[in-house]
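Following: one structure in C-alpha cells, then a few remarks.
FYI, the numbering just counts along the sequence from 1.
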Amino acid sequence: MPTSAARATTSPALSFHDVLSDDGTVIRAWTNDPEGAIEGPTVVLCNGLGTSAYAWPALLRPDCGVRVVSWNHRGTGGSERPADPSHIEIEHFVEDGLSVMDHFGVDRAVLMGWSMGVNTMFEMAVRHPERVRGLFAVAGVPGDTFGTMLGPLRLPRAVARTVTVGLTHVLRYSDWALTPIASRLPIGPRAIRVLSHSGFMFPVADTELAATAVSEFLTTPIGWYMQLALSTSRHGRVSLSKVSVPCAFVAGRYDVLAGTRHMATAAGRVKDATYAELSGSHFIQMEKPDQVHRLLVDFLARVG
C-alpha cells in the first residue's frame with residue numbers, strides 16, 4: 001500500500017509494519033522507534049478511532065524517552081477492511097492490539113488510550129490481564145462512550161447517546177455527499193488555526209503536525225468511519241471491579257466527546273487511580289503535549 005505524502009514528511013521518526021490479526025485482516029502497525037534506539041519503557045497506544053501517530057507530537061520527538069507501538073484501525077491508514085464487515089467491534093480492536101504486541105515482542109506493557117482507544121485498552125485489561133501493567137487514559141471513558149458525549153451540556157446518558165448515535169447514522173448515509181468534499185479540503189496551518197478557535201478544538205502546540213494529523217484522518221471515507229463509530233457505540237461500560245492494575249485518567253475540561261465528569265467518576269471507582277483535568281478539549285495531547293507527556297512519564301515511574 002502506498003505511503004501518503006503526509007506520512008512521508010515525518011517518516012524518519014516512524015516505521016510502519018504490516019501485521020496479520022487473528023481473523024486474517026492485515027493491520028498497519030507503527031512505532032516511533034524505527035532504529036531501536038529508545039531506551040525507555042514501551043507503551044502500547046490504543047489510538048483514537050481512525051487517527052494516526054501525528055496526533056501525538058510529544059511522542060514523535062527524538063528525546064521523548066518512551067518507545068511506542070501502535071496500529072491504525074481497520075480500513076484506515078493502510079490497514080485492511082476485514083473480510084467480514086462485522087469484525088469492527090472493540091473486541092476485534094483488542095485482537096489487533098495483541099497481534100501488534102506479539103509482532104514487536106511485547107509480552108506485557110502499559111497501555112495508553114485516547115478517545116475510543118480507552119474502551120479498547122480497558123477491554124484488553126479485563127480480557128487479558130496478563131498482558132497489561134497499567135492503563136493511561138486520555139480523553140476517554142471505559143465504555144459507553146456515546147453516553148458521555150456532549151459533556152458540557154450535562155445531558156442524561158440516554159439522551160446524549162440517542163443524539164450522538166442518531167447524528168452518526170445521518171453522517172454515515174451522507175457519505176456520498178460529504179466524502180468528496182472532505183477529501184479535497186485544503187488542510188494547512190491556517191485551517192488548523194480556524195478549527196482551533198471553533199470550541200471543538202483549542203489552539204494546538206504544533207499547527208503543521210496537527211494539519212498532517214487532520215489530513216490523514218480525512219483520507220478515511222466518512223461512511224466507513226461512521227460505520228466503525230456505530231459498531232463501537234455498542235460497547236458497554238467495562239466492569240472496573242475487574243481492573244487490578246494502576247490507572248491514570250487525563251481529561252480535557254471542555255471535551256465534547258468524552259465527558260470529564262464521567263472520567264472522574266471512573267477514576268474514583270478504580271483502586272490506585274489518579275485523575276488530572278487540564279484546560280483543553282478532546283485533543284488535549286495536541287494542545288498540551290508537554291503536560292500530558294509529563295503525566296505519562298510520571299505514571300510510568302509509578303508503575304515501575
Side-chain angles (χ1 to χ4, degrees), residues 4-14 30-34 38 40-41 43-70 72 77 110 112-118 136-140 151-152 185-219 248-258 260 263 274-301:
S4 71
R7 281 204 189 98
T9 62
T10 54
S11 57
L14 296 169
W30 60 267
T31 178
N32 69 340
D33 188 26
I38 296 178
V43 169
V44 178
L45 172 61
C46 304
N47 217 348
L49 190 64
T51 61
S52 66
Y54 308 105
W56 292 87
L59 299 180
L60 300 185
R61 298 171 185 165
D63 61 348
C64 78
V66 179
R67 176 190 182 228
V68 178
V69 298
S70 187
N72 296 333
V110 167
M112 178 166 64
W114 172 40
S115 190
M116 198 63 75
V118 175
F136 188 82
V138 178
L185 288 175
I187 304 298
R190 180 178 298 178
I192 294 301
R193 283 192 289 270
V194 171
L195 181 61
S196 65
H197 288 85
S198 65
F200 181 68
M201 175 190 285
F202 287 5
V204 297
D206 187 329
T207 55
E208 291 188 1
L209 198 61
T212 301
V214 174
S215 296
E216 286 288 304
F217 178 77
L218 293 177
T219 62
F249 293 79
V250 181
R253 188 169 300 137
Y254 306 103
D255 190 342
V256 298
L257 296 181
T260 55
M263 290 188 66
T274 61
Y275 175 78
E277 188 172 302
L278 306 180
S279 179
S281 73
H282 192 64
F283 307 91
I284 192 67
Q285 84 286 0
M286 300 167 70
E287 299 157 358
K288 310 280 188 182
D290 293 336
Q291 290 178 254
V292 174
H293 193 67
R294 172 48 55 191
L295 290 168
L296 172 62
V297 171
D298 291 346
F299 179 70
L300 292 171

Nearest heavy-atom neighbours spanning Ala55 and Met286: O-CG, 3.1 Å
Under 3.5 Å side-chain donor-acceptor pair for Asn47 and Trp56: yes
Pairs touching residues 57-70 that satisfy side chain to side chain donor-acceptor pair (under 3.5 Å), sequence neighbours left out: Thr42-Arg67, Arg61-Asp290
4.5 Å side-chain heavy-atom contact, Ile38 and Asn32: yes
Centroid-centroid under 6.0 Å between Tyr254 and Phe202 rings: yes
Reported CZ-to-OG distance for the pair Phe217 and Ser52, which is rounded to 0.5 angstrom: 10.0 Å
Any Asp255 side-chain heavy atom under 4.5 Å of Ser281 side chain: no
Distance in Å, Leu195 CG paired with His197 NE2, rounded so as to fall on 0.5 Å steps: 10.5 Å
Heavy-atom check, side chain of Val68 versus side chain of Asp33, under 4.5 Å: no
Test item: Thr212 side-chain N/O and Glu208 main-chain N/O as donor-acceptor pair under 3.5 Å: yes
Pro289 to Pro57 - nearest heavy-atom pair and separation: CB-CG, 3.9 Å
Heavy-atom side-chain proximity of Leu45 to Trp30 below 4.5 angstrom: yes
Atom pair CG/CG of Leu49 and Asn72 - distance to nearest 0.5 Å: 11.0 Å
With Glu277 via side chain to side chain donor-acceptor pair (under 3.5 Å) - residues at least two apart: Arg253, Tyr275
Shortest non-hydrogen separation from His282 to Trp114 and the atoms involved: O-NE1, 2.9 Å
Criterion side chain to side chain contact (heavy atoms under 4.5 Å, CB included) on Thr31 and Leu14, from CA distance to verdict: CA-CA 6 Å; Thr31 178; Leu14 296 169; over 6 Å; no
Value rounded to 0.5 Å, distance of CG in Asp298 from CG in Leu300: 9.0 Å
Shortest non-hydrogen contact from Thr260 toward Ala251: CG2-CB, 3.8 Å
Straight-line distance of Gln285 CD to Met112 CE, nearest 0.5 Å: 8.5 Å
Heavy-atom side-chain proximity of Leu59 to His293 below 4.5 angstrom: yes
Closest approach of Ala58 to Cys64 (non-hydrogen atoms, all atoms of both residues): O-CB, 3.2 Å
4.5 Å side-chain heavy-atom contact, Val204 and Ile192: yes
Interatomic spacing from CE in Met116 to CG in Leu257 - rounded to 0.5 Å: 9.0 Å
Side chain proximity check, Glu287 to Pro203, heavy atoms < 4.5 angstrom: no
Leu209 and Leu60, any side-chain heavy atoms less than 4.5 Å apart: yes
Mutual orientation of the aromatic rings belonging to Phe136 and Phe299 [parallel < 30°, tilted 30-60°, perpendicular > 60°]: tilted
Minimum heavy-atom distance Gly65-Pro41, with the two atoms named: O-CD, 3.7 Å
